[in-house]
Amino acid sequence: AQKVTQAQTEISVVEKEDVTLDCVYETRDTTYYLFWYKQPPSGELVFLIRRNSFDEQNEISGRYSWNFQKSTSSFNFTITASQVVDSAVYFCALGRRPNTGNQFYFGTGTSLTVIP
Amino acid sequence: NAGVTQTPKFRILKIGQSMTLQCTQDMNHNYMYWYRQDPGMGLKLIYYSVGAGITDKGEVPNGYNVSRSTTEDFPLRLELAAPSQTSVYFCASSYPGQNQPQHFGDGTRLSIL
């Protein structure tokens, strides 16, 4: 069975602090993809990053960085020097391809509040 | 580009009523999806489609129906609305390929009273 766990339900940080959002996944597939989405208060879902199961290189994009570790089945997301605009719900998702279609399994999300 | 467009944005239904949530995309994506998001929960897949004329059930299909007559449109039908269907509904689309991100609409907030 596929499962994504985001154990942190809510996090509050003061502006300019660093924050890490945890994501742990379960799958028996050998090929899979991991994604992070941001859902700001306005409600839309914004794609942030994808990572395939064969690429464990960490990635950095501006203040965002992602750490993928297959050994611990984790795909954690770090925001450096957080800003108020980072306040949102962040979802981690596991993508797999069964016989047809691309099925995503979402975690329950982590609500991040950045306090000015 | 409009991307994925959902209508309506908000709707209140009475128990037992029916309605169709509309979804259209202009990115020529083959794959389309319907999710529901309950408070404090992640998104659950209701139905998906890999192309016109082809649909399949996701994790939580009961109480819903879909059709896909064109590449652009993927409406979701609620036949007999129940309070348990109160949720935010998201439509998404993507290119084929396991590595393709799904692009989401802005959601439809539906309340069944």
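All values reported here derive from a predicted model rather than from experimental measurement. We name chains A, B, ... by the order of the sequence lines, and we start the count at 1 in each one.
The CD atom of B/Glu59 sits 11.0 Å away from the CZ atom of A/Phe106 when rounded to the nearest 0.5 Å. In this structure, B/Leu45 CG and A/Tyr105 OH are separated by 8.0 Å, a value rounded to the nearest 0.5 Å. Separation of atoms CD (B/Gln102) and CG (A/Leu45) is listed at 10.0 Å; rounding is to 0.5 Å.
Tracing side-chain contacts under 4.5 Å through hydrophobic residues (I, L, V, M, F, W, Y), one reaches B/Val88 starting from A/Phe91; they form part of the same cluster. Linking ILVMFWY residues whenever their side-chain heavy atoms come closer than 4.5 Å, directly or via other members, places A/Tyr32 and A/Trp66 in the same cluster. Hydrophobic clustering (side-chain heavy atoms under 4.5 Å, transitive across Ile, Leu, Val, Met, Phe, Trp, Tyr) groups B/Tyr64 together with B/Ile15. Using a 4.5 Å cut-off between side-chain heavy atoms of Ile, Leu, Val, Met, Phe, Trp and Tyr, with links allowed through other members, B/Val60 and B/Tyr48 fall into different hydrophobic clusters. A single hydrophobic cluster is not seen to contain both A/Leu21 and A/Val24; linkage of ILVMFWY side chains at heavy-atom distances under 4.5 Å, directly or through other members, places them apart.
Heavy-atom contacts from other residues, nucleotides or ligands closer than 6.0 Å to NZ of A/Lys38 number more than 12. Within a 6.0 Å sphere centred on CZ of A/Arg50, other residues, nucleotides and ligands contribute more than 12 heavy atoms. Shown here is A/Lys70, whose NZ atom has more than 12 heavy atoms of other residues, nucleotides or ligands within 6.0 Å. The environment of CG in B/Leu113 is crowded: more than 12 heavy-atom neighbours from other residues, nucleotides or ligands sit within 6.0 Å. Heavy-atom neighbours of B/Ile54 CD1 from other residues, nucleotides or ligands within 6.0 Å: above the threshold of 12.
Counted by atom type alone, A/Gln39 and B/Gln37 present one or more donor-acceptor pairs between their side chains at under 3.5 Å.
Residues B/Pro101 and A/Tyr33 fail the side-chain proximity criterion, which asks for heavy atoms closer than 4.5 Å. Two residues are said to be in side-chain contact when any heavy atoms from C-beta on lie closer than 4.5 Å; A/Glu44 and B/Phe90 fail this criterion.
Under the 6.0 Å cut-off for aromatic ring centres, B/Phe104 and A/Phe47 do not qualify, their centroids lying 6.0 Å or more apart.
Residues of residues 107-116 of chain A lying within less than 4.5 angstrom of chain B, judged on heavy atoms, are A/Gly107, A/Thr108 in numerical order. Heavy-atom proximity under 4.5 angstrom to chain A picks out nothing from residues 66-74 of chain B.
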Under the side chain to side chain contact (heavy atoms under 4.5 Å, CB included) rule, what do B/Tyr33 and A/Phe104 come out as? Steps first, then yes or no, please. CA-CA 10 Å; B/Tyr33 314 81; A/Phe104 274 30; 5.8 Å; no
